[in-house]
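As the structure is a computational prediction, the values presented were derived from the model and not from experiment. Note on naming: letters A, B, ... go to the chains in the order of the sequence lines (proteins, then strands), and numbering restarts at 1 for each one. Heavy atoms only: backbone and side chains are in, while hydrogens, waters and symmetry mates are out.
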Protein chains: 2
Amino acid sequence: METQDLRKAGLKVTLPRVRILEILEEKHGTHMTAEDVYKELLKHNDDIGLATVYRVLTQFEAAGIVSKHNFEGGQAVFELDRGEHHDHMVCVETGKVIEFVDPEIEKRQHEIAARHGYELEEHSLVLYVRPKRKK
Amino acid sequence: METQDLRKAGLKVTLPRVRILEILEEKHGTHMTAEDVYKELLKHNDDIGLATVYRVLTQFEAAGIVSKHNFEGGQAVFELDRGEHHDHMVCVETGKVIEFVDPEIEKRQHEIAARHGYELEEHSLVLYVRPKRKK
DNA sequence: ATGCCTGCAAAGCTTTTGCAGATGC
DNA sequence: GCATCTGCAAAAGCTTTGCAGGCAT
């Protein structure tokens, strides 16, 4: 019931916001740029401006509904945030994105921050990988 | 002997390149935007254009002399790359950047890539931290 | 001398913003 | 009805590029 998510975030339930949320759900597991979302909306014949897509995605991020990543290359990408944290592995040849979690790495990050007198607030880990070539 | 580094990279030893390299060495350990480097050049009364700073930093990156990071917020930052790999911890309150290396995390990254049939080419790990508050 | 560099200004791209009209509650 | 929201177009910010002259070798 996605309209709940919107209300909870203090956002009015408007057509653009609902549509964008639908797109993100439909494409769950992928990482979309604002432009990708916009093009998808056009396909669905929704008359929503690119500026609105940016505005809505930014609000969603603030509300914790989506998370935003800055991989390499100008455009930021967004994905639905279902609470399950994970990191990313990006194939430099195909652009494919794989998600993963490693408890040990997570743990050590906290330890490292603590060792320097800090609390870990957030982190960003991206592995840039290449298909293993067969010998 | 920095002129060697330039020659080795197939770059002519020109005044702008030498000056920029000097600035980076002088500020070693910090992370500068192209604009920061530019402003520093102005302070030293060097008449070098911002476009050149971008061009030179890009060439340096290609040559492995500097590395470029995309922390949060539009501007990319550069730092001298002395071969010693490390990751970064950014304080969200003060903007302070701390460098660190954790062999265990490095090791697990390779394992994770391998487990998915990839070779680790590169990676980017940034911890966003906040000073631990005293109780 | 020649080909690689540089400065300047203009263009390019992604993202943000101002404003008048539209829409949700 | 009123505040919030949206579309459009224009602006903004970072970075790149075209071009004519300048410099290293």
Side-chain angles (χ1 to χ4, degrees), chain A residues 1-23 31-42 44-63 65-79, chain B residues 1-23 31-42 44-63 65-79:
Chain A
M1 194 76 295
E2 56 235 6
T3 61
Q4 304 297 342
D5 297 332
L6 292 176
R7 280 190 226 283
K8 214 182 307 171
L11 298 172
K12 281 190 182 170
V13 179
T14 63
L15 196 134
R17 304 218 252 237
V18 172
R19 285 278 187 277
I20 290 173
L21 204 41
E22 282 174 1
I23 301 270
H31 300 73
M32 311 181 77
T33 63
E35 191 101 27
D36 289 339
V37 174
Y38 178 60
K39 287 204 214 111
E40 203 60 29
L41 287 166
L42 290 185
H44 292 229
N45 278 85
D46 287 314
D47 208 356
I48 297 175
L50 178 57
T52 299
V53 174
Y54 274 104
R55 269 186 293 231
V56 170
L57 288 174
T58 303
Q59 294 157 347
F60 283 6
E61 192 199 2
I65 298 174
V66 307
S67 44
K68 178 180 177 184
H69 305 287
N70 294 293
F71 297 160
E72 315 233 297
Q75 267 144 127
V77 296
F78 299 83
E79 68 176 327
Chain B
M1 193 77 293
E2 56 235 7
T3 62
Q4 303 297 342
D5 298 331
L6 292 177
R7 280 190 224 283
K8 214 184 304 171
L11 298 171
K12 280 190 182 168
V13 179
T14 63
L15 195 133
R17 305 220 252 236
V18 172
R19 284 280 187 274
I20 291 173
L21 204 42
E22 282 173 2
I23 300 269
H31 300 74
M32 311 181 78
T33 63
E35 190 102 28
D36 289 339
V37 174
Y38 178 61
K39 285 202 214 114
E40 204 60 29
L41 288 167
L42 290 185
H44 293 227
N45 278 83
D46 287 316
D47 208 358
I48 297 176
L50 179 56
T52 299
V53 174
Y54 274 105
R55 268 186 294 232
V56 170
L57 288 174
T58 303
Q59 294 157 347
F60 283 6
E61 192 199 1
I65 298 174
V66 307
S67 45
K68 178 181 176 184
H69 305 287
N70 293 293
F71 297 160
E72 315 235 295
Q75 267 145 126
V77 296
F78 299 83
E79 67 175 328

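- Atom P of nucleotide C:dT14 and atom CZ of A:Phe71 are separated by 17 Å, given to the nearest angstrom.
- Rounded to a whole Å, the CG atom of A:Leu41 is 12 Å from the P atom of D:dT6.
- Between A:Ile48 and B:Ala76, the one whose closest nucleotide on DNA chain D sits nearer the 5' end is A:Ile48.
- Regarding A:Ile20, its CD1 atom lies at a distance of 13 Å from the P atom of D:dC5, rounded to whole Å.
- The interatomic distance linking B:His69 (NE2) with D:dT15 (C1') rounds to 18 Å, in whole Å.
- With rounding to whole Å, B:Asp46 atom CG is found 14 Å from C:dT6 atom C1'.
- Considering only heavy atoms from C-beta on, B:Leu57 stays 4.5 Å or farther from B:Lys68 through its side chain.
- Going from atom OH of B:Tyr38 over to atom C1' of C:dG7 covers 10 Å, rounded to whole Å.
- Position along DNA chain D of the nearest nucleotide to B:Leu15 versus B:Glu35 favours B:Glu35 as the more 5'-ward residue.
- For A:Thr14 and D:dT6, the shortest distance from a side-chain N or O to OP1 or OP2 is below 4.0 Å.
- Side-chain atoms of B:Ala51 lie closest to C:dC8 of the nucleotides C:dC5, C:dC8, C:dC25.
- Among the nucleotides D:dG7, D:dT16, C:dC5, the one closest to the side chain of B:Thr58 is D:dT16.
- A donor-acceptor contact shorter than 3.5 Å is absent between the side chain of A:Arg7 and the backbone of A:Val13.
- One finds a side-chain N or O of A:Tyr54 lying less than 4.0 angstrom from the OP1 or OP2 phosphate oxygen of C:dT15.
- The B:Pro16 side chain lies nearest to C:dG7 when the options are D:dT25, C:dG7, C:dT15.
- When the side-chain nitrogen and oxygen atoms of B:Arg55 are compared with OP1 and OP2 of C:dG7, none of them lie within a distance under 4.0 Å.
- Checked against C:dT15, D:dC5, C:dG7, the side chain of A:Lys12 finds its nearest nucleotide in D:dC5.
- Comparing C:dC5, C:dC25, D:dT25 against the side chain of B:Leu11 picks out C:dC5 as the nearest.
- B:Gln59 contributes atom CD, which lies 5.5 Å from atom CG of B:Leu11 (distance to the nearest 0.5 angstrom).
- The side chain of A:Arg17 places an N or O atom within less than 4.0 Å of a non-bridging phosphate oxygen (OP1 or OP2) of D:dT6.
- Using a 4.5 Å heavy-atom cutoff, the side chains of A:Asp5 and A:Phe60 are not in contact.
- Taking atom CG of A:Leu50 as the reference point, atom P of C:dT14 lies 10 Å away to the nearest angstrom.
- When rounded to the nearest whole Å, the span between CG of B:Leu6 and C1' of C:dT6 equals 15 Å.
- Remark: B:Asn70 CG to A:Asn70 CG distance equals 7.0 Å, nearest 0.5 Å.
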